[in-house]
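Accompanying notes for the structure given below.
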Amino acid sequence: MDPRKLLYLATIIEQGSLAKAAKHLAISQPALSKSMDRLESELGIKLLERGPMGITPTTFGEILYSHARLIREEMDFAETRFQKVQKGHARIVTFGTLPSLASSVVPLAVSRWRERHSRILLRVVEKVQVELLLGLLRDEFDFIVGQTEFYDYLQGLKQRVLFRDRLCVFARPEHRLFSLAEVSWADLAQFPWVCPMVGGRQRTVLEKLLASEGVDPPQQLIECGSIDFTKAVVAASDHLALLPAHSVTSDVSEGRLKALAITVPALSRDIAVIFRERSPLDSLTRDLITQIKAIGNDLSRERSIVGEDRSSATVDGRRAAVNP
């Protein structure tokens with residue numbers, strides 16, 4: 001298929017008429033119509049329906065349109081990168097990461113990496129896991145840093161585990177749950193929660209843990225992709241949240257948040273760099289990933305018992321928190 005014809009198709013569908021699309025593309029309407037006729041003839045399928053309300057795509061047209069948009073986005077992205085290079089940047093590195101990592105590990109790692117690579121344009125994007133993986137497949141990122149879950153079902157990707165962190169249940173220090181001698185998941189489910197947007201691992205872990213205890217999900221939920229918003233709501237109300245320990249270090253030390261004495265192996269997770277198999281990492285990106293790994297290991301080790309006593313217990317061979 002001729003990529004140019006696909007771009008024409010996308011414009012026609014978006015504009016809703018040949019006349020408007022031809023004007024937008026700065027070509028004649030007969031030439032545009034002829035191009036679409038040839039595309040339909042080459043494929044042997046009808047892509048567009050002409051009616052009193054304008055032009056609409058057929059089912060096949062909708063399918064092809066989704067791919068045409070990706071092609072256009074890639075071309076726009078390439079043009080943007082060219083423009084950046086022309087302005088004096090020798091290289092652009094773009095990577096995606098989870099919001100929880102963008103609030104702690106990644107900024108420290110980037111700062112350390114920047115000392116050695118001062119002239120590289122670095123673009124950091126934070127998204128939920130599923131959006132990171134889809135963006136990687138669309139070549140929007142050189143690599144992503146996220147969790148290993150949801151990885152296996154996508155072809156053409158490789159991963160390398162960088163460090164292991166742990167999720168904790170956080171509440172404000174004045175929360176009434178801290179007055180209980182023992183806290184159960186049934187107790188936690190009685191309070192409102194702030195959860196990641198659909199696709200985030202924390203939401204999945206919470207649902208699985210409650211289901212394993214025979215506990216219904218909380219009736220009050222806020223879905224949010226922002227770590228800062230989540231922490232602010234928890235600190236100001238009776239809401240609870242599952243957050244990585246390293247992402248709340250300052251909040252715990254300053255007395256805004258406190259970890260509850262709830263711990264199970266399912267609250268541990270592996271953080272990995274994921275990249276396209278056909279686009280191996282070069283020395284520049286490997287150096288950045290090395291810094292992320294080092295910072296992640298340091299923070300996970302130093303903050304493995306956030307807001308807790310020095311006593312510890314072992315669960316399935318791993319150190320686990322006890323009484324905060």
Euclidean distance, [Y] [atom2] relative to [X] [atom1], rounded to 0.5 Å:
X	Y	atom1	atom2	result
Leu101	Asp165	CG	CG	7.0 Å
Ile144	Leu157	CD1	CG	7.5 Å
His24	Thr11	NE2	OG1	5.0 Å
Arg138	Glu131	CZ	CD	8.5 Å

Does Arg69 make a cation-pi contact with Tyr65, if we ask for NZ or CZ under 6.0 Å from the ring centre and within 45° of the axis?
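Flagged: Arg69 positioned over aromatic ring of Tyr65.
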Counting distance only, does the side-chain N/O of [X] pair as donor-acceptor with the main-chain N or O of [Y] below 3.5 Å?
X	Y	result
Trp185	Leu206	no
Ser33	Gln29	no
His175	Asp238	yes
Ser253	Thr249	yes
Ser237	Val233	yes
Asp287	Leu284	no
Ser247	Ser100	no
Glu40	Leu47	yes

Counting C-beta onward and ignoring hydrogens, is there a side-chain heavy-atom pair between [X] and [Y] closer than 4.5 Å?
X	Y	result
Thr56	Ile13	no
Leu98	Gln129	yes
His67	Leu6	no
Tyr8	Met36	yes
Arg160	Phe275	yes
Ser250	Arg256	yes
Leu18	Arg50	yes
Val161	Ile271	no

Determine, stepwise, if the pair Leu210 / Glu213 fulfils side-chain contact (heavy atoms from CB on, under 4.5 Å).
CA-CA 5 Å; Leu210 293 178; Glu213 297 291 327; 5.9 Å; no
Take a 6.0 Å sphere around CD of Gln219 and say whether it holds more than 12 heavy atoms from other residues, nucleotides or ligands.
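Open: at most 12 neighbouring heavy atoms sit under 6.0 Å from CD of Gln219.
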Is it true that atom NZ of Lys34 has more than 12 heavy atoms of other residues, nucleotides or ligands lying nearer than 6.0 Å?
no
Where is the tightest heavy-atom contact between [X] and [Y], given as atom of each residue plus distance?
X	Y	result
Cys224	Val194	CB-CG1, 4.3 Å
Ile274	Gln147	CD1-O, 4.0 Å
Ala102	Pro107	O-CG, 3.2 Å
Ala171	Val234	CA-CG1, 3.6 Å

Quick one: side-chain contact (heavy atoms from CB on, under 4.5 Å) partners of Leu122, sequence neighbours excluded?
Val93, Phe95, Val110, Trp113, Arg114, Val124, Leu288
Between Asp282 and Thr285, does any side-chain donor sit less than 3.5 Å from a side-chain acceptor?
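Result is yes, a qualifying pair exists.
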Parallel under 30°, tilted from 30 to 60°, perpendicular over 60°: which one fits the rings of His246 and Phe163?
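Geometry flag for Phe163 against His246: perpendicular rings.
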Would you call Lys258 and Glu174 a salt bridge, taking side-chain N to carboxylate O under 4.0 Å as the test?
no
Asp142 bridged to Arg276 by N-O distance under 4.0 Å:
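Salt bridge flag = no for Arg276 with Asp142.
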